[in-house]
Every structure is written in structure tokens, then in C-alpha cells.
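Below: one structure in C-alpha cells.
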Amino acid sequence: MLGLLVASLVVALAYFALLDGWYLVRVPCAVLRARLLQPRVRDLLAEQRYAGRVLPSDLDLLLHMNNARYLREADVARAAHLARCGVLGALRALGARAVLAASCARYRRSLRLFEPFEVRTRLLGWDDRAFYLEARFVSLRDGFVCALLRSRQHVLGTSPERVVQHLCKRRVEPPELPEDLRHWVAYNEASSQLLRAESGLSDVVKDQ
């Protein structure tokens, strides 16, 4: 019995020491909760909220939530969002997948130890290759938007248009992207062209 307990502790320690343990647990749990315990969201553009709280493991040396944690919390909230609105299911049905191709973050005010917050995620729109999402970190103490993240989910194996058509059973025109987001999309495309040129690749070759 003691040997089994020791072996279990060793496995647990190895899991968290060698792998990003909490992340590998939280994302599947968030997706399962969204699919099984929460109602389906029919409006693709509706905002969804994911609650969180700053824990000691989230802190940096200044006792604020460190910048990498914002990206992680946005990742978990985004997975739950895409599960609830059916995008993950549609991708699976079409034999496709989506990967994070780009993200940017603006930090406006620190989140502090044990401060409650919400990640408010919404789909801003899509083009022929990707979905664009926004995540707002809102302090539940006063409603202040502490951070704003934008992300580009590149669709592989199909197109965003086909995913939306699969969900809505009809062709849907994408909403017009906000002006600031269009600037960011243009920046990413310009950056890709420069990097392809540096690598000696043709403009025909697209980022994977």
C-alpha cells in the first residue's frame, strides 16, 4: 500500500514537473463543462463569460498576475467559448481543426492576488482563412477592463465559411471587422510577407 502511494506521488510530481499539468487538465474540463453542463449558444457573435480569480501561482515578482497567465486564461476561455457555440463540434464534423496563428495583448491595469475577474470572449468575425476573437479581462470589483486580447484562429482542413455554414445550415456573410482589427490583420500579413522573403519562399507559399 505504501509503495502504491509513493508511486502515485512520483507519477503526480513527474506529471506537473515535466508537463504543463494544470493546463492539460483545465482545457479539457472547460470544454466538457461547456458541452455537457451549459446551454448551447446559438448566436455566434454573442459574448460569453468565464470566471476566474488570481491565485498565488499566477503572480509575478511585483505580486500582479503575470502577463503569461492572461494568455493562458484567454486560451481556456476561448476553448469553452468555441465549444458552447458549436464551432469545435463543427470542426470535428468537417474533419478540420483550428490553431492559434497570432495574438496580441494590451494590458491596462494589473489584476492582484485573489482579485475576481471575468474573461469575456466574443467572435468578432472571420475571413477566408481564420476566425478572429476578442477576450476582455474585466475586474469584478469595479468592472474595469484590465486587459484586452485579440486572437487569430487559423482553420486547417476547411474554411471558416464552411464551418459557419455547417452550424447555421445556410451561408452567412461575415460581419465587418473593427477598424483596429483590420490594421492588425494587415500588419500580420505584411509581417508574413517579410518573413517569407527572408526565408527565400515565394509569396504563393502561405504560413502553416
Side-chain angles (χ1 to χ4, degrees), residues 23-24 26-52 70-106 117-138 145 147-192 204-208:
Y23 177 82
L24 295 176
R26 290 185 62 207
V27 172
C29 286
V31 170
L32 287 174
R33 178 173 178 266
R35 285 177 173 170
L36 302 178
L37 302 179
Q38 296 178 307
R40 170 76 180 274
V41 174
R42 300 293 177 180
D43 183 358
L44 280 176
L45 303 180
E47 179 184 86
Q48 297 183 43
R49 302 184 177 192
Y50 192 90
Y70 288 90
L71 300 175
R72 169 177 290 188
E73 294 304 308
D75 203 23
V76 176
R78 184 169 58 248
H81 177 95
L82 295 176
R84 284 191 70 190
C85 67
V87 170
L88 290 186
L91 287 167
R92 187 176 63 254
L94 295 170
R97 60 194 176 96
V99 296
L100 182 65
S103 65
C104 66
R106 182 184 174 207
F117 62 88
E118 282 182 339
V119 185
R120 300 180 183 176
T121 307
R122 63 190 179 109
L123 176 65
L124 299 175
W126 59 91
D127 57 23
D128 58 339
R129 298 175 64 199
F131 289 107
Y132 297 93
L133 295 99
E134 175 184 273
R136 294 180 174 225
F137 284 72
V138 180
V145 179
L148 178 68
L149 280 70
R150 296 278 175 79
S151 63
R152 181 179 189 270
Q153 292 289 131
H154 187 76
V155 177
L156 302 174
T158 187
S159 67
E161 181 181 7
R162 285 192 62 201
V163 173
V164 175
Q165 187 171 350
H166 180 88
L167 284 171
C168 301
K169 310 305 180 187
R170 61 183 176 85
R171 189 176 184 278
V172 178
E173 289 293 329
E176 183 178 1
L177 298 177
E179 182 180 4
D180 62 330
L181 181 59
R182 294 199 302 270
H183 289 308
W184 183 61
V185 173
Y187 157 76
N188 283 323
E189 182 57 32
S191 175
S192 291
V204 176
V205 179
K206 297 295 184 181
D207 292 340
Q208 300 297 315

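Note that the numbering runs from 1 along the sequence shown for the chain.
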task: Kindly determine whether Val155 and Arg129 satisfy side chain to side chain contact (heavy atoms under 4.5 Å, CB included), including the steps that lead there.
output: CA-CA 6 Å; Val155 177; Arg129 298 175 64 199; over 6 Å; no
query: Is there side-chain contact between Leu123 and Val87, with at least one heavy-atom pair below 4.5 Å?
result: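 No, every pair of side-chain atoms sits at 4.5 Å or beyond.
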field: Closest non-hydrogen atom pair between Ala46 and His81, with its separation
entry: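 Nearest pair, atom of Ala46 first, then His81: O-CE1, 3.5 Å.
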field: Point-to-point distance, once rounded to the nearest 0.5 Å, from CD of Gln165 to CZ of Arg171
entry: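 Atom-to-atom, Gln165:CD and Arg171:CZ are 8.0 Å apart.
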task: Drop me the distance from Leu148's CG to Tyr70's OH, to the nearest 0.5 angstrom.
output: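 Rounded to the nearest 0.5 Å, the CG-OH separation comes out at 12.0 Å.
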- prompt: Which atom pair, heavy atoms only, marks the closest approach of Ala130 to Pro160?
  reply: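 Between these two residues, the closest heavy atoms are N-CG, 3.4 Å.
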Nearest atoms (heavy-atom pairs only) where Pro175 meets Gly125: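 Scanning both residues, the minimum pair turns out to be CG-CA, 3.9 Å.
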message: Quick one, Arg35 with Leu88, criterion side chain to side chain contact (heavy atoms under 4.5 Å, CB included). Give me CA distance, side-chain angles, the key distance, then yes/no.
response: CA-CA 10 Å; Arg35 285 177 173 170; Leu88 290 186; 3.6 Å; yes
message: To check you understand the geometry: which heavy-atom pair defines the closest contact between Ala80 and Gln48, and what is its length?
response: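 Shortest heavy-atom separation between Ala80 and Gln48 comes out as O-OE1, 4.1 Å.
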Pairwise distance CG(Leu100) to CZ(Phe131) - rounded to 0.5 angstrom: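 It comes to 14.0 Å.
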field: Residue pair Tyr132 / Arg152: nearest heavy atoms and the distance that separates them
entry: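 Heavy atoms of Tyr132 and Arg152 come nearest at OH-NE, 3.2 Å.
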- prompt: Do the charged groups of Arg78 and Asp75 touch, with an N to O distance under 4.0 Å?
  reply: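 Salt bridge flag = yes for Asp75 with Arg78.
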- request: Report yes or no: does Ser191 contribute a side-chain atom to a donor-acceptor pair with the main-chain N or O of Tyr187 at less than 3.5 Å?
  value: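 Checked: no pair found.
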message: Run the side chain to side chain contact (heavy atoms under 4.5 Å, CB included) test on Arg162 and Leu94 for me, step by step, so that the C-alpha distance in whole Å, both residues' side-chain angles and the decisive distance to 0.1 Å come before the verdict.
response: CA-CA 9 Å; Arg162 285 192 62 201; Leu94 295 170; 3.6 Å; yes
- prompt: Of the non-hydrogen atoms in Leu177 and Leu124, which two are nearest, and what is the gap between them?
  reply: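 Heavy-atom minimum between the residues: CD2-O, 3.9 Å.
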task: Output the distance between atom CZ (Arg40) and atom SG (Cys85), rounded to the nearest 0.5 Å.
output: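 Result: 7.5 Å between the selected atoms.
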message: Donor-acceptor pair, distance only, cut-off 3.5 Å: does the side chain of Arg84 make one with the backbone of Pro39?
response: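 Yes.
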- prompt: So do the side chains of Leu133 and Gln153 get within less than 4.5 Å of each other, counting heavy atoms only?
  reply: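 Leu133 reaches Gln153 side chain to side chain.
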field: Gap separating the CZ atom of Arg120 from the CZ atom of Arg136, nearest 0.5 angstrom
entry: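 If I round to the nearest 0.5 Å, the distance is 9.0 Å.
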task: Answer yes or no: does atom CZ of Arg97 have more than 12 heavy-atom neighbours from other residues, nucleotides or ligands under 6.0 Å?
output: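 Check fails, neighbour count at 12 or below.
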message: What's the separation between atom CD in Glu134 and atom CG in Asp180, rounded to the nearest 0.5 Å?
response: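 The distance works out to 8.5 Å.
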task: Walk me through it: do Leu45 and Arg122 pass the test side chain to side chain contact (heavy atoms under 4.5 Å, CB included)?
output: CA-CA 6 Å; Leu45 303 180; Arg122 63 190 179 109; over 6 Å; no
field: Stepwise salt bridge (Lys or Arg N to Asp or Glu O under 4.0 Å) test for Glu176 and Arg182
entry: CA-CA 9 Å; Glu176 183 178 1; Arg182 294 199 302 270; 3.4 Å; yes
message: Test your reading of the model: is there a side-chain donor-acceptor pair from Glu118 to the backbone of Tyr50, 3.5 Å cut-off?
response: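 Pair absent, no side-chain N/O of Glu118 close to backbone of Tyr50.
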